[in-house]
Structure formats: C-alpha cells, structure tokens
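Keep in mind the model is a prediction, meaning the values are calculated, not measured.
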Amino acid sequence: MAKVEIILPLFEEIQKKFKGESHKVIDLIESLENNPLKGKALGNVGGIVIKEIRYKSFRFYFIADGYKLKFFDEQSLADMLIRFVRMSDKKHQQQTINEIKKILANFGSKGFGEII
C-alpha cells in the first residue's frame with residue numbers, strides 16, 4: 001500500500017470549497033493508497049511524475065517517484081510516497097500544471113510546504 005500525503009494548504013482549500021462533501025474528496029484521494037497507478041499522467045520533472053485525478057469539474061494534482069511507478073510491481077509500490085500538491089478547475093488547469101513544474105524544477109518536491 002502506497003502512502004498518500006496532502007499538503008496543508010490543499011487540505012484547507014478542500015475543506016473550504018467542498019464543506020460537507022470534503023470527506024468524499026479525501027476518500028477519493030486516499031483511494032490511491034490501494035491503487036497508486038490511478039490517475040492521468042501530465043508530465044515529469046527530474047524523475048518526478050505529475051498526475052491528476054478528477055472529482056466533478058475539479059482536478060487534484062499529485063507527484064510521485066516516476067521510476068517506481070514505471071518499473072516496480074505492486075508489491076514494491078508499497079513504500080511509494082504520493083503527495084497531493086494542488087487543485088484547480090478546468091479553466092485554470094494549464095496554469096496550475098505549469099506552476100507545479102516550475103516549483104519542482106526550482107525547489108524539488110520539498111518546495112510545496114507542510115504536510116498534514
């Protein structure tokens with residue numbers, strides 16, 4: 001089972017935007033623990049793959065070790081870390097993806113801040 005982390009600002013944004021429905025969003029995010037290959041690949045920066053999952057009209061972006069996703073079997077994915085870093089609506093999708101790529105290129109995965 002992979003480990004899923006959500007950075008604090010994203011968690012707070014989910015709570016604020018979805019209110020009572022936020023538990024459904026968190027459950028969707030945590031479903032990646034059992035199925036880490038889920039989601040649409042959007043690109044990679046320095047071996048870190050950027051992927052998205054959708055909930056209604058919103059996209060939730062996460063980063064993971066691209067090497068582990070590509071070459072390891074399900075048993076080896078158990079120690080994989082999946083970090084959710086941003087969300088956007090369809091209108092701001094490309095802007096958000098470019099922001100994630102810029103942060104990864106400049107600061108690496110540590111550039112996203114505190115994890116809950």
Side-chain angles (χ1 to χ4, degrees):
M1 199 159 68
K3 182 178 179 186
V4 173
E5 294 180 343
I6 305 170
I7 64 169
L8 187 58
L10 176 60
F11 183 77
E12 290 170 350
E13 187 176 355
I14 290 170
Q15 294 286 346
K16 182 180 171 185
K17 181 153 310 259
F18 294 101
K19 297 184 182 11
E21 224 177 332
S22 64
H23 67 283
K24 290 182 185 178
V25 174
I26 300 299
D27 288 345
L28 173 67
I29 289 172
E30 289 177 346
S31 73
L32 266 80
E33 289 179 345
N34 297 319
N35 188 3
L37 300 176
K38 188 176 180 179
K40 179 182 176 185
L42 303 172
N44 64 48
V45 176
I48 299 173
V49 68
I50 303 166
K51 294 181 89 174
E52 75 173 4
I53 58 172
R54 291 184 295 184
Y55 178 77
K56 296 186 178 179
S57 65
F58 292 91
R59 276 101 170 114
F60 296 90
Y61 302 96
F62 60 95
I63 55 175
D65 184 347
Y67 178 78
K68 288 183 181 179
L69 272 178
K70 191 170 187 176
F71 295 109
F72 287 142
D73 59 5
E74 277 190 45
Q75 188 73 11
S76 302
L77 289 174
D79 64 340
M80 190 168 117
L81 175 64
I82 298 171
R83 181 176 294 173
F84 278 82
V85 293
R86 294 284 188 270
M87 81 177 225
S88 75
D89 55 9
K90 179 68 176 167
K91 183 177 176 183
H92 298 101
Q93 182 178 11
Q94 192 60 52
Q95 178 184 353
T96 304
I97 293 167
N98 291 341
E99 177 186 329
I100 293 168
K101 286 180 178 180
K102 184 176 179 181
I103 291 171
L104 285 173
N106 292 329
F107 303 106
S109 62
K110 305 284 186 219
F112 290 102
E114 187 177 339
I115 300 163
I116 62 164

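- In terms of heavy atoms, Pro36 sits closest to Ile82 at CB-CD1, 3.8 Å.
- Looking at Ser22, its side chain never comes within 3.5 Å of a backbone N or O of Phe18 through a donor-acceptor pair.
- Atom-to-atom distance recorded for Ile103:CD1 and Lys101:NZ is 13.5 Å, nearest 0.5 angstrom.
- Contact of the Phe84 side chain with the Ile53 side chain is registered, since non-hydrogen atoms from C-beta on lie closer than 4.5 Å.
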task = Might you work through the side-chain contact (heavy atoms from CB on, under 4.5 Å) test for Ser57 and Lys90, ending with a clear yes or no?
result = CA-CA 6 Å; Ser57 65; Lys90 179 68 176 167; 5.7 Å; no
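- When side chains are defined from C-beta on, Leu104 counts as touching Ile50, because their heavy atoms get closer than 4.5 Å.
- Counting heavy atoms from C-beta outward, Lys56 and Lys24 have side chains that stay 4.5 Å or more apart.
- The main-chain N or O of His92 is found under 3.5 Å from a side-chain atom of Asp89 such that the two form a donor-acceptor pair.
- Across all their heavy atoms, Arg54 and Leu28 have their closest contact at O-CD2, 3.5 Å.
- Side-chain contact between Phe58 and Val25: absent, with no pair of heavy atoms (C-beta onward) separated by less than 4.5 Å.
- Between Glu5 and Phe11, every side-chain heavy-atom pair lies at or beyond the 4.5 Å cut-off.
- In this structure, Glu52 CD and Arg59 CZ are separated by 5.5 Å, a value rounded to the nearest 0.5 Å.
- Residue-environment remark: NZ (Lys38) exceeds the threshold of 12 foreign heavy atoms within 6.0 Å.
- The CD atom of Gln15 sits 10.5 Å away from atom CG of Leu10, with the distance rounded to the nearest 0.5 Å.
- Residues Leu42 and Ile100 have side chains not in contact (no heavy-atom distance under 4.5 Å, counting atoms from C-beta outward).
- For the pair Ile7 and Arg86, the minimum side-chain heavy-atom distance is below 4.5 Å.
- For the atom pair Glu30 CD and Lys3 NZ, the distance stands at 12.0 Å (nearest 0.5 Å).
- Residues Phe60 and Met87 share a closest heavy-atom pair of CE2-SD, 3.5 Å.
- Counting only heavy atoms from C-beta outward, the side chains of Ile6 and Ile26 approach each other to under 4.5 Å.
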